**Student:** 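Just dropping this structure here.
One-based numbering along the sequence shown. Both counts, for ligands and for their atoms, begin at 1 and track the order of listing. Only a predicted model underlies this, so the values are computations on that prediction, with no experimental measurement involved.
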Amino acid sequence: MIEGIDIRKNFDGKELFNGLSFRIDDGEFVCFSGESGKGKTTLLNIIGMIEPLSSGEILFDGAKIRTNKDRLDFFRVKAGFVFQNFALVEGKTVEQNLAFVRKSSRSGVSIEDALASVGLAGKLKSKVYTLSGGEQQRVSLARLFIKKCDVILADEPTGSLDSRNAQAVIGILKTLNEQGKTIILVTHDESVKRVCGRIIEL
Ligand SMILES: Nc1ncnc2c1ncn2[C@@H]1O[C@H](COP(=O)(O)OP(=O)(O)O)[C@@H](O)[C@H]1O
Ligand SMILES: [Mg+2]
């Protein structure tokens, strides 16, 4: 369970959130929606511990992340990230990109099985720059089968894809959700919103 309690966030005197609270249960598939500039990315990054709060708190299973060890554990085994621009190393192969997941963070799923899960079984030795955008996003999703994570934070993961590739990406996120992972996704695509269990309007 993830709770946001009375969250406030200011940038340069501009107030983005003024006492926002929410609760996301384990296994939910939630979408943050709202106009550009509303703070969707900022909120996702606050939950993902890569953006500080001005005040308020984020609790994971009722507890705050306090120590460096809590933080390390959060990134190592709890959180998984997906970005609109994939965040892969383009000059390296698919296999090399997927091998970056640290041993201590691995779920036990092999690179080959993870690639099969995203429909890219033949692409192990391909350089990332030779793949289409849809394929690159599927490689970044393959990472989430290899890495341990309970919560997946996805910032407009279909934002740069055509509708067929967007559907493939959403299908894969659904599979990860069915495995028990909580999905928090930012989108303004109506067809993506329809598959979410709950929409939180910002
Ligand atoms: N690091 C930052 N410094 C100053 N302002 C920021 C920063 N990050 C975001 N903002 C501002 O906060 C607002 C919300 O940004 P963002 O979270 O990216 O919105 P969204 O993802 O909903 O489009 C915008 O007005 C943006 O300019
Ligand atoms: Mg954004």
**Student:** Among all protein heavy atoms, pick out the one at the shortest distance from atom 16 (P) of ligand 1; state its residue, atom name and that distance to 0.1 Å.
**Tutor:**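 Its nearest protein heavy-atom neighbour is T42 OG1, 3.7 Å.
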**Student:** Check whether any side-chain heavy atom of V128 lies under 4.5 Å from a side-chain heavy atom of F86, and answer yes or no.
**Tutor:**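 A side-chain contact is absent here, since even the closest heavy-atom pair is not under 4.5 Å.
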**Student:** Just heavy atoms, cut-off under 4.0 Å: does L43 contact ligand 1 by side chain, backbone, both, or neither?
**Tutor:**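 L43 to ligand 1: no contact under 4.0 Å from either part.
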**Student:** Taking L16 as the fixed residue, which of I46, I7, L43, T42 is the one that meets the side-chain contact (heavy atoms from CB on, under 4.5 Å) rule?
**Tutor:**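 Among the candidates, only T42 passes.
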**Student:** Any protein heavy atom lying closer than 4.0 Å to atom 21 (O) of ligand 1?
**Tutor:**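 Neighbour list for atom 21 (O) of ligand 1 includes protein heavy atoms (cut-off 4.0 Å).
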**Student:** Describe, in one word, how the ring planes of F60 and F74 are oriented to each other, choosing from parallel (under 30°), tilted (30 to 60°) and perpendicular (over 60°).
**Tutor:**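 Tilted.
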**Student:** Check whether the side chains of Q137 and S140 place a donor and an acceptor atom closer than 3.5 Å, and report yes or no.
**Tutor:**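 Indeed, the side chains of Q137 and S140 share at least one donor-acceptor pair under 3.5 Å.
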**Student:** Name the closest protein heavy atom to atom 18 (O) of ligand 1, giving the residue it belongs to and the distance to 0.1 Å.
**Tutor:**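 Answer, as residue, atom name and distance: T41 CB, 3.7 Å.
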**Student:** Identify the protein heavy atom lying closest to atom 5 (N) of ligand 1, giving its residue, its atom name and the separation to 0.1 Å.
**Tutor:**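 Heavy-atom neighbour on the protein nearest atom 5 (N) of ligand 1: F11 CG, 3.2 Å.
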**Student:** Could you check whether S33 and K193, counting side-chain N and O atoms only, form a donor-acceptor pair closer than 3.5 Å?
**Tutor:**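 On atom types as modelled, these side chains qualify, holding a pair under 3.5 Å.
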**Student:** Which heavy atom of the protein is the closest neighbour of atom 19 (O) of ligand 1, given with residue, atom name and distance?
**Tutor:**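 For this ligand atom, the closest protein heavy atom is G39 N, 3.2 Å.
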**Student:** Of the backbone atoms (N, CA, C, O) and the side-chain heavy atoms from C-beta on, which set of D12 has a member under 4.0 Å from an atom of ligand 1: side chain, backbone, both, or neither?
**Tutor:**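 Answer for D12: side chain.
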**Student:** I'd like to check which ligand 1 atoms, numbered from 1 as shown, lie under 4.0 Å from a non-hydrogen atom of S36.
**Tutor:**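 Reading through ligand 1 atom by atom, the close ones are 23 (O).
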**Student:** Test I183 against every option in N177, V30, V195 by the side-chain contact (heavy atoms from CB on, under 4.5 Å) rule and name the one that passes.
**Tutor:**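 By the side-chain contact (heavy atoms from CB on, under 4.5 Å) criterion, I183 pairs with just one of N177, V30, V195: N177.
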**Student:** Students should be able to answer this: which protein heavy-atom is nearest to atom 23 (O) of ligand 1, and at what distance?
**Tutor:**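 Going by distance alone, atom 23 (O) of ligand 1 is nearest to G37 N, 2.7 Å.
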**Student:** Find out whether the Lys NZ or Arg CZ of K9 is both under 6.0 angstrom from the six-membered ring centre of F11 and within 45° of the ring's axis.
**Tutor:**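 Here K9 passes the 6.0 Å and 45° test against F11.
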**Student:** Has T41 got an N, O or S atom lying less than 2.8 Å from the Mg ion (ligand 2)?
**Tutor:**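 An N, O or S atom of T41 is closer than 2.8 Å to the Mg ion (ligand 2), so yes.
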**Student:** Has ligand 1 got any nitrogen or oxygen that is less than 3.5 angstrom from a nitrogen or oxygen of E51?
**Tutor:**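 For ligand 1, there is no N or O atom that lies under 3.5 Å from one belonging to E51.
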**Student:** Considering H188, K14, K9, which one's heavy-atom position lies nearest to atom 24 (C) of ligand 1?
**Tutor:**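 Looking at heavy atoms only, the winner is K14.
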**Student:** List, by chain and then residue number, the residues other than I5 in its hydrophobic cluster (Ile/Leu/Val/Met/Phe/Trp/Tyr, side-chain heavy atoms under 4.5 Å); write none if there are no others.
**Tutor:**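 Via sub-4.5 Å side-chain contacts, I5 links to L59.
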